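In this text, all values refer to a predicted model and were calculated from it rather than measured experimentally. FYI, side chains are in, hydrogens and waters are out, and symmetry mates aren't considered; it's all heavy atoms of this structure.
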Amino acid sequence: MSSAATRVTGQDHIWSVSEHLEDILATVRPLEAIELQLLDAQGCVLVEDVTVPVSLPPFDNSSMDGYAVRVADVAGASEEYPAVLTVIGDVAAGESELLHVGPGQAARIMTGAPLPPGAEAVVPVEWTDGGLGEGPVSGMRARSASPEGASGEVHVHRSAPARAHVRAKGSDVKAGDRALAAGTVLGPPQIGLLAAIGRGTVRVRPRPRVVVMSTGSELVQPDEQLGTGQIYDSNSFALCAAARDAGAIAYRVGAVADDAETLRATIEDQLIRADLVVTTGGVSVGAYDVVKEALSSVGDEDEAGSGIEFRKLAMQPGKPQGFGSIGPDHTPLLALPGNPVSSYVSFELFVRPAIRTLMGVDDIHRSTTRATLRTDKALTSPAGRRQFLRGRYADGEVTPVGGAGSHLIAALAHANALIVVPESDESVEPGTEVDVVLLG
């Protein structure tokens, strides 16, 4: 499955961040396209251009509540010398049989209603007496309460040029225009546009289904009582939320105890609803690193590259990592470290790009920028390792949050960026520029 299967690396090989990510992206492929109803397609990626079958608006219509008039009939109108017109009826939105406005006539018209034949402009109701024979009014009375408003006379106090307050046919989009391009992620405005042009379904790549599980017998679910030596499971919540933020449909599995058979059975049960599996914990070199124990030998000997390979990466935090495929459909699995900050940094570097690749989006990576480092001491990565520090970015400057300790999840909660400290012997001095990964 992984291109790593063709490399001769040895057990002690140290992988770079780029090498590990390249292997993941060489394996993960966009999901097959399907046809979905509009609301089910929210968050999905279009696989084909969508063209407009009918112009929007499909007819000339009023942008105001008022009166449809002929321009010559209101020329020179003022409050002192109003134009007096005969009201021939109402034109409401949805009308199919339209009145014809002749010389000296006006039709009371509602916002969105078709401009009737003969009319050339719309004067807002606030420019008239509303048919009451008095001064300017602020609005119309409801037809049910005052049906006589659709007849009689109206005094118009201002002139209007041709096409005033008229939305022209096709002024939004024209038939044959490209409404949305392939590769567009469908959010609320795009869903609204598709509905407006009459599309009830659309062809998209579905949102990936990501199963997230933590491992560790010490983990307790929030709201439960902590016992001696226990901690709350935060990783599965953080990574499930991160998967949703990346665009996936995420399923959180409760913490799995440190038992290899239980873990294998749990993963196998979850494969039916997974396009990607993410585990956290149990990937290092300890005697209780259950993920490594359970998954090191799950590969299909008839399928080149299948199975899970566990690696050491030249990064901090997040040195131990695992990646490969599992199950009959060779579902991708990424095994992340158990430390909360290590797991989250690993998610941002490796899992998020994998999710975005499954979605079929063009830009799979977080935005990056250069920023001036604001700190009271130089930053240095451990020898041969690239370090990712939590930081707070604003206005072209970035400040480390919480120091260098990789265990500080509280610091991560107050960060909005990762400061990339390169794997070099040179320290990064305060006031110099650094690479920054923006987290949101």
Side-chain angles (χ1 to χ4, degrees), residues 17 20 210-246 248 250-258 263 266 276-286 288-292 310-313 315-323 333-355 366 381-382 385-392 400-421 437-440:
V17 173
H20 188 59
V210 178
V211 171
V212 177
M213 65 181 70
S214 295
T215 63
S217 298
E218 77 281 11
L219 298 178
V220 175
Q221 298 306 299
D223 287 334
E224 295 182 5
Q225 187 68 36
L226 285 178
T228 303
Q230 294 182 321
I231 60 173
Y232 289 119
D233 171 23
S234 63
N235 283 357
S236 63
F237 287 91
L239 299 189
C240 196
R244 291 176 179 174
D245 182 69
Y251 303 105
R252 191 190 71 86
V253 179
V256 181
D258 290 324
L263 177 61
T266 302
L276 176 69
V277 176
V278 179
T279 68
T280 171
V283 295
S284 192
V285 293
Y288 288 83
D289 284 321
V290 66
V291 174
K292 201 169 184 179
F310 292 89
R311 304 169 172 176
K312 298 175 183 177
L313 269 59
M315 63 179 283
Q316 180 178 319
K319 181 179 179 181
Q321 301 282 337
F323 168 64
L333 183 147
L334 281 87
L336 310 183
N339 172 274
V341 175
S342 297
S343 69
Y344 186 78
V345 171
S346 299
F347 181 97
E348 287 292 336
L349 295 178
F350 308 122
V351 183
R352 193 176 195 279
I355 290 173
R366 288 282 197 187
S381 283
R385 280 189 256 171
R386 186 180 303 177
Q387 189 171 194
F388 298 88
L389 299 180
R390 280 75 59 214
R392 190 74 191 168
V401 177
S406 64
H407 63 287
L408 300 175
I409 189 171
L412 182 63
H414 293 90
N416 64 358
L418 295 177
I419 303 170
V420 183
V421 185
V437 179
L438 303 177
L439 298 180

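For the pair Pro340/Leu412, no side-chain contact is recorded, criterion being any heavy-atom separation below 4.5 Å from C-beta on. Under the 4.5 Å side-chain criterion, counting only non-hydrogen atoms from C-beta, Leu349 is not in contact with Val437. Here the side chains of Leu418 and Arg366 are not in contact, with every heavy-atom distance at 4.5 Å or above. By the 4.5 Å heavy-atom criterion applied to side chains, Tyr251 and Val210 are not counted as neighbours. The side-chain heavy atoms of Gln387 and Pro382, taken from C-beta on, include a pair separated by under 4.5 Å. Using a 4.5 Å heavy-atom threshold, the side chains of Leu263 and Met213 count as touching.
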Start with the C-alpha distance between Leu219 and Ile231, add both sets of side-chain angles, then the distance that settles side-chain contact (heavy atoms from CB on, under 4.5 Å), and finish with yes or no.
CA-CA 5 Å; Leu219 298 178; Ile231 60 173; 3.8 Å; yes
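The minimum heavy-atom distance linking Ile419 with Gly391 is given by the pair CD1-CA, 4.0 Å. Taking both residues in full, the closest heavy atoms of Arg244 and Ala250 are given as NH2-O, 3.5 Å, listed atom of the first, atom of the second, then distance. When all heavy atoms of Pro337 and Gln321 are compared, the pair lying nearest together is CD-NE2, 3.6 Å. In terms of heavy atoms, Phe310 sits closest to Lys292 at CZ-CA, 3.6 Å. Heavy-atom minimum distance, Leu336 versus Phe347: CD1-N, 4.0 Å. Considering all non-hydrogen atoms of both residues, Ser381 and Val421 come closest at OG-O, 2.8 Å.
For the pair Ser236 (side chain) and Val212 (backbone), a donor-acceptor distance under 3.5 Å is absent. Looking at Asp258, its side chain never comes within 3.5 Å of a backbone N or O of Val290 through a donor-acceptor pair.
Atom CD of residue Gln221 and atom CD of residue Gln230 lie 11.0 Å apart, to the nearest 0.5 angstrom. The distance from the CG atom of Leu226 to the CD atom of Glu218 is 11.5 Å, given to the nearest 0.5 Å. Interatomic distance, CG of Asp223 versus OH of Tyr232, reported as 7.5 Å (0.5 Å rounding). Between the CZ atom of Arg352 and the OG atom of Ser346 there is a distance of 15.0 Å, given to the nearest 0.5 Å. In this structure, Leu239 CG and Arg252 CZ are separated by 11.0 Å, a value rounded to the nearest 0.5 Å.
Each of Thr215, Asn235, Asp233 was evaluated against Thr280; a single residue qualifies, Asn235, per the side chain to side chain donor-acceptor pair (under 3.5 Å) test.
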